[in-house]
Amino acid sequence: MTEHKQYPVRQTDRNLALELVRVTEAAAIAASHWIGHGDKNEADGAAVEAMRKAFDAVAIDGTVVIGEGEMDEAPMLFIGERVGAGGPAMDIAVDPLEGTSLTAKAGPNAMTTLALAERGKFLHAPDIYMDKIAVGGGLPPGVVNLDDSVANNLRNLALAKKVDIEDLMVCLLDRDRHEQLIAHSREAGARVMLISDGDVAAAIATALPESQIDLYMGAGGAPEGVLSAAALRCVGGQMQGRLLYENDEQIARVRSMGHADPKRCFAAHELAAGDVMFAATGVTTGPMLRGVKWSHGGAITHSIVMRSRSGTVRFIEGHHNLEKDRSAT
């Protein structure tokens with residue numbers, strides 16, 4: 001009789017966390033070939049294909065529920081795509097290259113990201129915009145609210161952090177749509193950091209004291225919103241998000257996904273519920289992760305992997321001998 005060895009759940013989870021990092025590492029290495037070449041589509045395509053291939057070795061039955069597009073928009077990792085080598089049923093939220101323009105221009109803070117949860121635990125939504133607000137951990141529940149004014153949110157956050165509003169740094173994407181948010185933040189006395197891309201990294205940065213970012217807000221992609229919520233849940237941060245629509249077709253699409261109230265405001269634990277794992281690897285260097293560094297015949301990567309159940313955050317430096325078969329690393 002064959003004996004089937006039962007591995008402890010924690011050991012299995014640790015192995016899976018490492019497998020997720022291998023997926024983001026593969027995507028980062030592939031995308032890094034396009035740093036500074038001015039072609040964001042080639043960079044994104046390289047990351048997508050490398051990530052898709054790397055998933056073939058991960059022991060899950062995975063379904064992409066938050067991706068870059070619908071099935072007819074391949075070669076993106078599309079919503080509904082099945083990945084993995086077989087195993088427990090898991091849902092996946094993915095952005096194969098957050099910061100495509102940053103990569104093309106050799107700008108800072110581009111990275112590859114994904115999050116994993118049990119089936120049905122991620123908000124199911126199409127690739128549309130989401131209004132967001134996020135803060136780090138260690139703060140009273142509800143310290144900021146998406147429906148409150150900028151001035152009130154800054155006042156409450158300053159009180160919770162025991163600082164003056166003038167000491168707070170607000171981060172937003174540098175977009176025309178954020179003109180009023182920027183103006184109201186400055187009128188309240190806060191400092192404003194404008195970024196060209198990379199709102200997942202910006203949301204996570206609210207939980208990193210060394211980043212000096214206290215509050216992230218504004219409209220960005222819904223996939224990035226789910227990924228941000230997954231990461232912030234791992235470190236005790238707070239986030240709220242509401243889907244934004246450009247037309248009635250998008251509203252109908254969201255309702256077809258089971259959302260009776262398309263204007264609902266979702267908290268972080270509703271965007272990414274249950275036991276969540278998050279992994280990211282730097283493509284270009286930013287405040288959280290170093291970018292891919294090339295040497296003769298190999299590359300060095302810098303990654304982060306987090307889990308909501310344990311609250312553990314691990315930084316991993318990978319040294320890759322690319323002259324050998326990738327599957328052996």
For the side chain of [X] and the backbone of [Y], is there at least one donor-acceptor N/O pair under 3.5 Å apart?
X: T284; Y: N109; value: yes
X: Q238; Y: N145; value: no
X: T312; Y: R307; value: no
X: H178; Y: A219; value: yes
X: K121; Y: L116; value: no
X: N321; Y: G298; value: no
X: Q250; Y: E246; value: yes
X: D164; Y: E166; value: no
X: N152; Y: S149; value: no
X: R242; Y: K263; value: yes

Has [X] got more than 12 heavy atoms of other residues, nucleotides or ligands less than 6.0 Å from its [atom1]?
X: E179; atom1: CD; answer: no
X: E210; atom1: CD; answer: yes
X: D261; atom1: CG; answer: yes
X: Y129; atom1: OH; answer: no

Shortest non-hydrogen contact between [X] and [Y], atoms and distance:
X: A230; Y: F122; result: CB-CE2, 4.4 Å
X: V292; Y: A299; result: CG1-CB, 4.0 Å
X: E270; Y: C265; result: OE1-O, 3.9 Å
X: P96; Y: L77; result: CG-CD1, 3.8 Å

Any side-chain heavy atom of [X] sitting closer than 4.5 Å to one from [Y]?
X: M217; Y: S185; result: yes
X: W34; Y: D44; result: no
X: I92; Y: I60; result: yes
X: F78; Y: V64; result: no
X: L123; Y: M130; result: yes
X: R255; Y: P262; result: yes
X: I304; Y: I204; result: no
X: L102; Y: S196; result: yes

Any salt bridge between [X] and [Y], counting N to O under 4.0 Å?
X: D275; Y: R233; value: no
X: E224; Y: K132; value: no
X: R22; Y: E25; value: no

Approximate separation, where rounding is to 0.5 Å, of D95 CG and L227 CG: 6.5 Å
Criterion side chain to side chain contact (heavy atoms under 4.5 Å, CB included) on R82 and D61, from CA distance to verdict: CA-CA 7 Å; R82 300 288 291 274; D61 175 13; 2.7 Å; yes
Is [Y] reachable from [X] through a run of hydrophobic residues whose side-chain heavy atoms are each under 4.5 Å from the next?
X: M277; Y: L114; result: yes
X: V276; Y: V65; result: yes
X: V150; Y: V192; result: yes

Evaluation steps, side chain to side chain contact (heavy atoms under 4.5 Å, CB included), between W294 and I35: CA-CA 12 Å; W294 284 90; I35 294 173; over 6 Å; no
